[in-house]
There are 2 protein chains.
Amino acid sequence: MCKLVDTARWQALLGDVGIRATTQRVLVLDVLAEHTRPISAQQIHAELYERGEPIGLTTVYRTVSSLAEVGLVHVFPQAGEATYRLCGPARHHHLICRICRLVIERSQEDDVDGFHAEEIYGICAACRRGT
Amino acid sequence: MCKLVDTARWQALLGDVGIRATTQRVLVLDVLAEHTRPISAQQIHAELYERGEPIGLTTVYRTVSSLAEVGLVHVFPQAGEATYRLCGPARHHHLICRICRLVIERSQEDDVDGFHAEEIYGICAACRRGT
DNA sequence: CTTTATGCAAATTATTTGCAGCCAA
DNA sequence: TTGGCTGCAAATAATTTGCATAAAG
């Protein structure tokens, strides 16, 4: 598990979904891949900056937007700022812990009284029992 | 079902939760009571304005914040802007339809694999079958 | 080459804060 | 009376847009 940017992998992925594989998009995907929890555009920008890979904040916003559009990332509209997370290709919905921000991807349907659940916010098992 | 401001009722309610029953808070509660779906602070402000009851936008923000703090309203952090809705006193969680914004209050627990659901976003039965 | 993406600066939009005056209890 | 509440103006903060330049296919 190296920490180098896996350029080829992201370029292929971007090609698959039909958008240009630019340097910036690869970098953003790389940062997203390092996180299991959703992160904000500002955070992506900051991490790339620290990494010595300057990128326009505007570009980060436009990139996560594009990535969301083609289904590679999921948007979590938080209070104050939106956060983003890489998404598996399979159809799924999410369980999001409001304490630790853990995201669980679930493939099976969760329905309650005819209501079709897509995003479930709550408290995960670990946080419930006190971490 | 009259449309006049039910001042006494809101004053009592505010007294119960231990905050001052000001003119503005009563007005905000009145607007909230007219809506079954969550509405934004800006919308509350606009409706009071049209109604000829000018109120500072700042006050609206501070009011919904206070009301949320004492448990009278629930905050739904949407993309872009937060929305607010009057809440019943009983312990409950919500099902929120992303299409029609319908909110269903549910008293019984909804848990999935040890995850405790508090807010469930998805599609309501009506919208699923095409309105 | 041609189209699409980038990035800076400026504009928008939602929300918060400072502070002086007002009002409910 | 008096501490909490209001509202204006100004400050923040996140996100978007215009436009000229750069890079991908």
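Only a predicted model underlies this, so the values are computations on that prediction, with no experimental measurement involved. The basis for the numbers below is simple: all heavy atoms, side chains too, and nothing from hydrogens, waters or symmetry mates. Below, read A as the first sequence line, B as the second, and so on, with proteins coming before strands; counting in each chain starts at 1.
- Taking CD1 of B:Ile120 as the reference point, atom CG of B:Leu95 lies at 5.0 Å (rounded to 0.5 Å).
- Put simply, CG on B:Leu67 is 11 Å from P on D:dC5, counting in whole angstrom units.
- Separating the CD atom of B:Glu53 from the C1' atom of D:dT6 is a distance of 15 Å, rounded to the nearest angstrom.
- Per the geometry, CD belonging to B:Glu81 stands 16 Å off C1' belonging to D:dA13, to the nearest Å.
- Going from atom CD of B:Gln43 over to atom C1' of C:dA14 covers 15 Å, rounded to whole Å.
- Applying the salt bridge (charged side-chain N to carboxylate O under 4.0 Å, His left out) test between B:Asp30 and each of B:Arg51, B:Arg25, B:Arg9 identifies B:Arg51 as the sole match.
- The separation between B:His45 atom NE2 and D:dG7 atom C1' is 10 Å, rounded to whole Å.
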Tabulate below the donor-acceptor pairs under 3.5 Å that side-chain atoms of residues 97-107 of chain A make, not counting sequence neighbours, or state none.
residue: A:Arg98; atom: NE; partner: B:Glu118; partner atom: OE1; Å: 2.6
residue: A:Arg98; atom: NH2; partner: B:Glu118; partner atom: OE2; Å: 3.0
residue: A:Arg101; atom: NH1; partner: A:Gln78; partner atom: OE1; Å: 3.2
residue: A:Glu105; atom: OE2; partner: A:Arg85; partner atom: NH1; Å: 3.3
residue: A:Glu105; atom: OE2; partner: A:Gly88; partner atom: N; Å: 3.2
residue: A:Arg106; atom: NE; partner: A:Asp110; partner atom: OD2; Å: 2.7
residue: A:Arg106; atom: NH1; partner: B:Asp113; partner atom: OD2; Å: 3.1
residue: A:Arg106; atom: NH2; partner: A:Asp110; partner atom: OD1; Å: 3.2

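- When the P atom of C:dA25 is taken as reference, atom CZ of B:Arg25 falls 10 Å away, rounded to whole Å.
- Residues B:Leu29 and B:Leu14 form a side-chain contact, since some pair of their non-hydrogen atoms from C-beta on lies under 4.5 Å apart.
- If you measure from atom CG of B:Leu48 to atom P of D:dG7, you get 10 Å, rounded to the nearest angstrom.
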Would you mind building the protein contact string for nucleotides 16-25 of chain D? One character per nucleotide, 5' to 3', B for base within reach (heavy atoms under 4.0 Å), S for sugar-phosphate only, - for untouched.
BBB----BBS
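- Taking each heavy atom of A:Val73 and A:Val64 in turn, the nearest pair found is CG2-O, 3.8 Å.
- At the phosphate of C:dG7, OP1 or OP2 sits under 4.0 Å from a side-chain N or O atom of A:Gln24.
- Minimum heavy-atom separation, A:Gly114 to B:Arg128: O-NH1, 2.9 Å.
- Residue order along DNA chain C, read from the 5' end via each residue's closest nucleotide, puts A:Ile55 first among B:Ser40 and A:Ile55.
- Taking every side-chain heavy atom of A:Gln42 into account, D:dA14 is the closest of C:dA14, D:dT6, D:dA14.
- Remark: B:Arg62 does not engage B:Glu69 in a salt bridge, criterion side-chain N to carboxylate O under 4.0 Å.
- No contact: A:Ala41 has no heavy atom under 4.0 Å from any strand.
- Put simply, CD1 on A:Ile44 is 17 Å from C1' on C:dG7, counting in whole angstrom units.
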